[in-house]
K.L.:
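Below you will find the structure I want to go over with you.
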There are 2 protein chains.
Amino acid sequence: MRDAEQTREKILDVSADEIHKHGFTATSLSVILKRCEISKGALYHHFANKMELGYAVFEERYTPLFLSTWLPAVNNEDPIEGLCAFFSEMSVNMSCDELICGCPLNNLCQEMAGVDEGFRLRILDMQLQLNQLISDSLRKIKNQLRNDIDYSQVSYFIVSTFHGSTSLSKSSRNKELFEHVMDELCKYLRNLKHN
Amino acid sequence: MRDAEQTREKILDVSADEIHKHGFTATSLSVILKRCEISKGALYHHFANKMELGYAVFEERYTPLFLSTWLPAVNNEDPIEGLCAFFSEMSVNMSCDELICGCPLNNLCQEMAGVDEGFRLRILDMQLQLNQLISDSLRKIKNQLRNDIDYSQVSYFIVSTFHGSTSLSKSSRNKELFEHVMDELCKYLRNLKHN
DNA sequence: ATACTAACAGACCAACCGGTCGGTTGTAAA
DNA sequence: TTTACAACCGACCGGTTGGTCTGTTAGTAT
């Protein structure tokens, strides 16, 4: 027995990458096996089936990644500027390939939410969590913001725009349109403050 | 020879519906054949392969549908109110199932833009067309709008938000979150006018 | 009536999919 | 040293996929 835990981790790493790049359904187990240099028996020793592997990838890879990506922005003492910096940073630092690949959570949502209830509920939970994070952070600077704001609604709006911009990136294959949308999103965010 | 054109149209209708509901890759030719009550020979008489069938569906079904959906909103004498009415109407009139199914163009973009160049270019063209439509319509009421507006950027922002909201619908399986995002989008739109 | 061809029918195919299962191997406990 | 079992191997399976190919039929032009 080599290191079982290490095998499992490697499967999760490779699977997370493959699913991110090609989607869950299009991800082939045989490709995962080749990249991991393991056999089918090994994979099915660690995971009951492909679906369970997908759930594990979601919970043990995508969820932590997602939270660690958004948390710094939201925890900024000025969440508006935190979010703006986050969006701007993405425009600058993200490679074109990464951008086109899109957000793993959003991709999975588009592909699997309507097909599999297990994925749907996990994704929904993540979206609700993110909404809570953003709306709570905005409420903290309530006194700086306009008084006609529906915090939950604004948070959903922000995330929708962010995720929607990936469509533009995927079809245009460049950062330009994404940058424009992020720029406009920052304008919108700053406009939440009363002038 | 029964009516060949009618056969072709039926194939396109059924395929458009199947692709909309299950995505291009997950759409099975055998299902299309069953629903159309035709043989494989018939289908391959009219289309060279699955990809060409997909392109035909895009061009002859999705594109006209897409344009006829957005045009009335944009052609309103006040495009801002036209778009707001369009978004509100969608919240009210669309069934939950339709909503969850999402926009055919956006679905196809998420699934195929990164995989097939033929789809990507067709989708991109459609997105550029829509952007032109919206930004032109806004420019027409330039004198009513704030003077710091980047029209193309604003148009991309609007469409991104709209498409992004489908993620919320798909995971939550209800209209509520979609309605919130559309409501906030209308707020944003009306805020483009100088107070 | 005959010939020609568009329009279809459906058996067949290789490739691939996720999943199963009997067998092997390495390691740690007894 | 023996035992026990987790960890892993890989041949195999049924099912499905998109696609091909041979053959039939229906309509139309001559």
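Basis for what follows: all heavy atoms, side chains included, without hydrogens, waters or symmetry-related copies. Everything numeric in this text was worked out from a predicted model, so none of it was measured. Each chain gets a letter, A, B and so on, in the order the sequences are listed, and its residues count up from 1.
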K.L.:
How would you list, by chain and number, every residue that makes a ring-ring contact (aromatic ring centres under 6.0 Å, His included) with A/Phe47, sequence neighbours excluded?
P.N.:
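Partners of A/Phe47 by the ring-ring contact (aromatic ring centres under 6.0 Å, His included) criterion come out as none, since no residue qualifies.
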K.L.:
Distance-only criterion, 3.5 Å: show the donor-acceptor pairs between side-chain atoms of residues 36-44 of chain A and protein atoms not counting sequence neighbours.
P.N.:
residue, atom, partner, partner atom, Å
A/Ser39, OG, A/Gly41, N, 3.4
A/Ser39, OG, A/Ala42, N, 3.3

K.L.:
Would you mind reading off the bend of the helix from C/dA1-D/dT30 to C/dA30-D/dT1 from its two end axes, five pairs each, to 10 degrees?
P.N.:
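For the helix from C/dA1-D/dT30 to C/dA30-D/dT1, the axes at either end differ by 0°.
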K.L.:
What residues, two or more places apart in sequence or in another chain, satisfy ring-ring contact (aromatic ring centres under 6.0 Å, His included) together with A/Phe86?
P.N.:
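Per chain and number, A/Phe86 pairs via ring-ring contact (aromatic ring centres under 6.0 Å, His included) with A/Trp70.
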K.L.:
Please name all residues satisfying ring-ring contact (aromatic ring centres under 6.0 Å, His included) with B/Phe157, sequence neighbours left out, ordered by chain then number.
P.N.:
A/Phe157, B/Tyr188
K.L.:
Quick one: which residue pairs count as a salt bridge (charged side-chain N to carboxylate O under 4.0 Å, His left out) with a foot in residues 97-109 of chain B, not counting sequence neighbours?
P.N.:
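Qualifying pairs, neighbours excluded: none.
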K.L.:
At less than 4.0 Å, is any side-chain N or O atom of A/His46 found next to OP1 or OP2 of D/dA6? Yes or no.
P.N.:
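For D/dA6, neither OP1 nor OP2 has a side-chain N or O of A/His46 closer than 4.0 Å.
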K.L.:
For B/Tyr151, give me all partners under ring-ring contact (aromatic ring centres under 6.0 Å, His included), at least two apart in sequence or on another chain.
P.N.:
none
K.L.:
If the condition is side-chain hydrogen bond (donor to acceptor under 3.5 Å, both in side chains), which residues does A/Glu176 pass it with, not counting sequence neighbours?
P.N.:
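Scan of A/Glu176 (side-chain hydrogen bond (donor to acceptor under 3.5 Å, both in side chains), adjacent residues dropped) gives none.
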K.L.:
Mind calculating the distance between CZ (A/Phe47) and P (D/dC8) to the nearest angstrom?
P.N.:
11 Å
K.L.:
Given salt bridge (charged side-chain N to carboxylate O under 4.0 Å, His left out), test B/Lys170 with A/Glu111 step by step and report yes or no.
P.N.:
CA-CA 9 Å; B/Lys170 286 186 183 182; A/Glu111 183 193 357; over 6 Å; no
K.L.:
For B/Arg2 and D/dT28, give me the distance from atom CZ to atom P, rounded to whole Å.
P.N.:
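After rounding, the gap between these two atoms is 13 Å.
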K.L.:
Counting only side-chain N and O atoms of A/His45, is one of them less than 4.0 Å from OP1 or OP2 of D/dC9?
P.N.:
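It does not, given that no N or O in the side chain of A/His45 lies less than 4.0 Å from OP1 or OP2 of D/dC9.
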K.L.:
For A/Gln129 and A/Asp125, does a side-chain donor sit closer than 3.5 Å to a side-chain acceptor?
P.N.:
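Yes - a donor-acceptor pair under 3.5 Å links their side chains.
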K.L.:
Once salt bridge (charged side-chain N to carboxylate O under 4.0 Å, His left out) is applied, what residue pairs with a partner in residues 65-81 of chain B remain, sequence neighbours excluded?
P.N.:
B/Asp78-B/Lys193, B/Glu81-B/Arg190
K.L.:
Just call it for B/Leu43: base, sugar-phosphate, or nothing, with non-hydrogen atoms closer than 4.0 Å on any strand.
P.N.:
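No contact.
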K.L.:
Is there a side-chain contact between B/Ser39 and the phosphate of C/dG10, meaning an N or O under 4.0 Å from OP1 or OP2?
P.N.:
no
K.L.:
Between protein and nucleic acid, restricted to nucleotides 17-21 of chain C and to nitrogen or oxygen atoms under 3.5 Å apart, what atom pairs and distances do you find?
P.N.:
residue, atom, partner, partner atom, Å
C/dC17, OP1, A/Ser28, OG, 3.0
C/dC17, OP2, A/Ser30, OG, 3.4
C/dG18, OP1, A/Thr27, O, 3.1
C/dG18, OP1, A/Lys50, NZ, 2.9
C/dG18, OP2, A/Leu29, N, 3.1
C/dG18, N7, A/Lys40, NZ, 3.2
C/dG19, OP2, A/Tyr44, OH, 2.7
C/dG19, OP2, A/Lys50, N, 2.7
C/dG19, O5', A/Tyr44, OH, 3.3
C/dG19, N7, A/Lys40, NZ, 3.1
C/dG19, O6, A/Lys40, NZ, 3.0

K.L.:
What pairs of residues pass the salt bridge (charged side-chain N to carboxylate O under 4.0 Å, His left out) test when at least one of them lies in residues 41-52 of chain B, not counting sequence neighbours?
P.N.:
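Counting only pairs at least two positions apart or across chains, no salt bridge (charged side-chain N to carboxylate O under 4.0 Å, His left out) contact touches residues 41-52 of chain B.
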K.L.:
Take the protein atom CG of A/Leu33 and the nucleotide atom C1' of C/dC16, then report the distance between them rounded to whole Å.
P.N.:
14 Å
K.L.:
What residues in residues 6-23 of chain B put a non-hydrogen atom under 4.0 Å from any atom of DNA chain D?
P.N.:
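Output list: empty, so none.
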K.L.:
Output the rounded distance in Å from CD1 (B/Ile32) to P (D/dT16).
P.N.:
17 Å
